[in-house]
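These notes concern the structure reproduced below.
In this text the structure is predicted, and so the values were computed from the model without any measurement. Letters A, B, ... mirror the listed sequences (proteins, then strands); counts begin at 1.
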Amino acid sequence: MTEQTNIHPDQEHKSLNFIEQFIEEDIKTGKHGGRVHTRFPPEPNGYLHIGHAKAFCLDFGLAEKYNGKCNLRFDDTNPVAEDTSYVDAIKKDIRWMGFDWEDREYYTSDYFDQLYDLAVKLIKKGKAYVCDLSAGEIGANRGTPTQPGVESPYRNRTVEENLDLFKRMKNGEFPDDSKTLRAKIDMASPNMHMRDPILYRIRHVSHHRTGNKWCIYPMYDWAHGQSDSIEEITHSLCTLEFEVHRPLYEWFIRELEIFPSRQIEFARLNLSYTIMSKRKLLQLVNEKHVSGWDDPRMPTIHGLRRRGYTPESIRTFAEMVGIAKRENVIDVALLEYCIREDLNKKAARVMAVLDPVKLIIDNYPDDQEEQLKTINNPEDESMGSRILPFCKELYIERDDFKEDPPKKFFRLSPGREVRLKSAYIIKGESVEKDTDGHIIAIHCTYDPDSKSGSGQVHRKVKGTLHWVSARHALNAEVRLYDRLFNDPDPDGHKDHDFKEFINPDSLKILANCKVEPSLQQSKPLDHLQFIRLGYFNVDPDSTPEHLVFNRTVPLRDTWGKKNKV
RNA sequence: UGUCCGAUGGUGUAAUUGGCAACACAUCUGAUUUUGGUUCAGAAGAGUCCAGGUUCGAGCCCUGGUCGGACAACCA
């Protein structure tokens, strides 16, 4: 096979990231017969977030691009933290994102026997030993990055003794933490990971898949690389913090003479105004700062889905942020751009009034009703049109009226004309106020000849308002979300806990919104554009009796932005 | 006082491997618009961390610095 056959034709012209360059070199030199096989290795101890999405878009994307394969492998070597509920959530997310691991759903725990045999092989080579030191002692003997460590007194046990002890460790003869199996490398190595790293620890706990079969569990360094080799992974991609582990990864390959997978590290995704640490996300969930892993403010895939993000938008985002080795912080504005761009093409436009105020058309007959036709999406004719009921009393947005308007106010005010979207041109007349001076109704008159689409009127009106018929409107709850943190880097302050930066206004619930009647049929997770307001989706909490919408992202607002402060 | 990695507009990522620093987001104009959205046209913004060197020519190569990050869990 030539290198050409391995490269997806659509992609040839774009510039390659450094990993693609490595891969293409490997293909060119015929390494592994030009085969590309990656893996995505989540630990089932939490939900996947957008940073993981970047990683698996890379893993699966590269496999696709080079006509290879990508395995899903659960890195389940630490039974105390892991759980099957996470396995299910992770699979759901990856599938939702549009990736397919076919029948290659693997678990590191599937390899426990092979891993054990490999450890025996290492012992027989005199390259591993059973150590009786406690965790504290091992730590103390490890030295520091600038000072060499001290060799364990158990380092020179005979092969026979090590073999016997290791077998007895496996058989459960020793209590938790009383012994470990360590590689015998170099306690003076400048790389801490080469200072006789621990391969196995004793844990008498049951595992979510292997039950009580094992009481010794492999550590990451031992399990991960060897699992890559077992699966004959050609390119094993991981984040930068594993760079210092690579010499160990390669040491195992050499000593064990196993399949030489290649580890390549790239910079993890950081997003402004959020956190990506699984541990801290768990803390937000446990301490109820959010409603759960799927809270729409969470950067988790579950959260983004509920917020109204689409898989396509997240994939576009992953594509746009790129792959490199330097630390980076991506502006959330880029994510928002990606979802707006996607939803602009897909979301049906509907009328919804979030902060309603009554609008009365004085010269419109009391009991008249009209059915007005309106287009569902100006960006996509094929989405068709629908009917909007219209009558004398409507609701409009309280913001869309001002008694004495500022200079560039294009909306409704006394004596000024404005277009009601898909309906008539109206002119502001007067207001009704309660005893506190709050506006309770706005009176206007309409021009019967200005009906939308009639072609009768040629005068220009600056503004167009969205509205909903008071007689026909449905009540709805709308949840407005803002960034969860009000600091660009909540996790970046040495003397402040990230939770100090939680945005108290990240969720605003509007209980008295009015929406057009067609929304009665909306189904959970449907994407919509509330005209002039933003993109919204139907929350899973929504029912026909109690409609609930989440704001995914507001529309771009050059006017509001300019007038802030 | 160690090892490894990195450094290009505000933010990301490129630069055909030594040939006028490009693209996207963000920002700012203007046009169009029955969404102050979309679309369209345009502007501004870096001379590539610093100092030397090689070269006709360096963001790319060499030398020496500076700054930033990772690494001392029986976590992954």
Side-chain angles (χ1 to χ4, degrees), chain A residues 14-17 21 41-43 45 75-78 80-82 131 133-136 138-140 142-149 176-182 189-195 197-203 217 219-221 223-224 238-247 265 267 272 278-279 320-331 333-338 340-341 344-345 349 351 374-375 378-379 408-411 418-423 425 450 452-453 460-466 529-535 554-563:
Chain A
K14 235 167 58 211
S15 69
L16 304 176
N17 65 48
Q21 291 179 25
E43 183 188 11
N45 69 342
D75 217 340
D76 56 350
T77 57
N78 184 14
V80 304
E82 295 152 7
C131 182
L133 255 26
S134 71
I138 289 179
R142 195 174 341 256
T144 71
T146 53
Q147 288 166 317
D176 282 3
D177 303 337
S178 60
K179 285 180 168 42
T180 56
L181 182 74
R182 301 176 69 182
S189 169
N191 183 337
M192 300 287 292
H193 298 280
M194 301 299 275
R195 325 246 259 228
I198 294 168
L199 271 29
Y200 277 94
R201 75 282 217 186
I202 302 174
R203 281 294 126 83
Y217 291 98
M219 299 289 290
Y220 167 84
D221 283 303
H224 197 98
C238 61
T239 45
L240 249 32
E241 67 268 29
F242 295 101
E243 201 155 26
V244 271
H245 295 243
R246 180 155 29 100
E265 313 84 13
S272 62
K278 259 200 221 175
R279 210 196 87 234
M320 286 180 80
V321 298
I323 299 296
K325 293 193 74 164
R326 78 184 77 119
E327 302 283 348
N328 60 82
V329 182
I330 308 294
D331 192 337
L334 184 63
L335 221 208
E336 295 181 343
Y337 166 82
C338 291
R340 286 193 188 106
E341 185 200 46
N344 180 45
K345 292 175 299 193
R349 273 60 171 168
M351 302 270 221
T374 190
I375 197 95
E379 305 295 317
K408 287 227 182 159
F409 192 77
F410 301 154
R411 307 176 187 182
V418 92
R419 159 75 68 179
L420 290 176
K421 172 82 178 165
S422 300
I425 292 176
S450 65
S452 201
K460 291 249 179 190
V461 278
K462 241 352 200 156
T464 301
L465 306 189
H466 59 281
Q529 186 197 94
F530 287 180
I531 287 180
R532 299 211 301 137
L533 297 175
Y535 294 100
L555 250 30
R556 234 176 111 235
D557 181 8
T558 46
W559 188 74
K561 195 186 298 178
K562 227 182 301 189
N563 290 57

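- Distances shorter than 4.0 Å separate none of the side-chain N or O atoms of A:Arg532 from OP1 or OP2 on B:rU34.
- Residue A:Arg340 places no side-chain N or O under 4.0 Å from the OP1 or OP2 atom of B:rG37.
- Separating the P atom of B:rG30 from that of B:rG37 is a span of 13 Å, rounded to the nearest Å.
- Taking the P atom of each, B:rU13 and B:rG18 are spaced 22 Å apart, rounded to whole Å.
- Put simply, NZ on A:Lys421 and CG on A:Leu465 are 11.5 Å apart, with the number rounded to the nearest 0.5 Å.
- To the nearest 0.5 Å, atoms CZ (A:Arg142) and NE2 (A:His193) are separated by 9.0 Å.
- Taking atom P in both B:rG65 and B:rA70, one finds a spacing of 23 Å when rounded to whole Å.
- Nucleotides B:rC67 and B:rG53 place their C1' atoms 22 Å apart, quoted to the nearest Å.
- Distances shorter than 4.0 Å separate none of the side-chain N or O atoms of A:Arg326 from OP1 or OP2 on B:rU48.
- Taking for each of A:Ile138 and A:Phe530 the nucleotide of RNA chain B with the nearest heavy atom, the 5'-most of the two is the partner of A:Phe530.
- Comparing the same atom, P, in B:rA43 and in B:rC23 gives a spacing of 11 Å after rounding to whole Å.
- Contact between the side-chain N/O atoms of A:Thr558 and the OP1/OP2 oxygens of B:rG37 is found at a separation under 4.0 Å.
- Between B:rA76 and A:Thr77, a contact under 4.0 Å exists linking OP1 or OP2 to a side-chain N or O.
- Applying the 4.0 Å criterion to OP1 and OP2 of B:rU34, one finds that A:Arg349 has every side-chain N and O outside that range.
- Remark: ring of A:Tyr220 does not overlap the six-membered base ring of B:rA76 in a stacked fashion, as centroids less than 5.5 Å apart with planes less than 30° apart are not both met.
- OP1 or OP2 of B:rA76 sits under 4.0 Å from a side-chain N or O of A:Arg201.
- Atom C1' of B:rG6 sits at a distance of 16 Å from the matching atom of B:rC60, rounded to the whole Å.
- Of all nucleotides present, only B:rU66 satisfies the Watson-Crick or G-U wobble test against B:rA7, with each distance under 3.5 Å.
- Considering only the side chain of A:Lys325, B:rC5 comes nearest among B:rA26, B:rA72, B:rC5.
- Rounded to whole Å, the C1' atom of B:rG45 lies 11 Å from the corresponding atom of B:rA26.
- A distance of about 33 Å separates the P atoms of B:rA58 and B:rG2, rounded to the whole Å.
- Contact annotation for A:Pro247: no contact, since no heavy-atom pair falls under 4.0 Å across all strands.
- Which of B:rG12, B:rU13, B:rG2 sits closest to the side chain of A:Ala324 comes down to B:rU13.
- Using a 30° and 60° split on the angle between ring planes, A:His245 and A:Tyr220 fall in the perpendicular class, above 60°.
- The 5' end of RNA chain B is approached more closely, in terms of each residue's nearest nucleotide, by A:Met320 than by the other of A:Ser452 and A:Met320.
- Of the listed nucleotides (B:rA76, B:rA72, B:rC74), B:rA76 has the atom at the smallest distance from the side chain of A:Glu241.
- At a threshold of 4.0 angstrom between heavy atoms, the contacts of A:Gln529 include nucleobase atoms, whether or not backbone atoms are also involved.
- Comparing atom distances between the A:Lys408 side chain and each of B:rG36, B:rC74, B:rU33 picks out B:rG36 as nearest.
- Glycosidic conformation, B:rG47: syn, with the torsion inside 90° of 0.
- Which of B:rG36, B:rA72, B:rC25 sits closest to the side chain of A:Thr144 comes down to B:rA72.
- You'll find that the side chain of A:Glu379 is closest to B:rU38, out of B:rU38, B:rC25, B:rA72.
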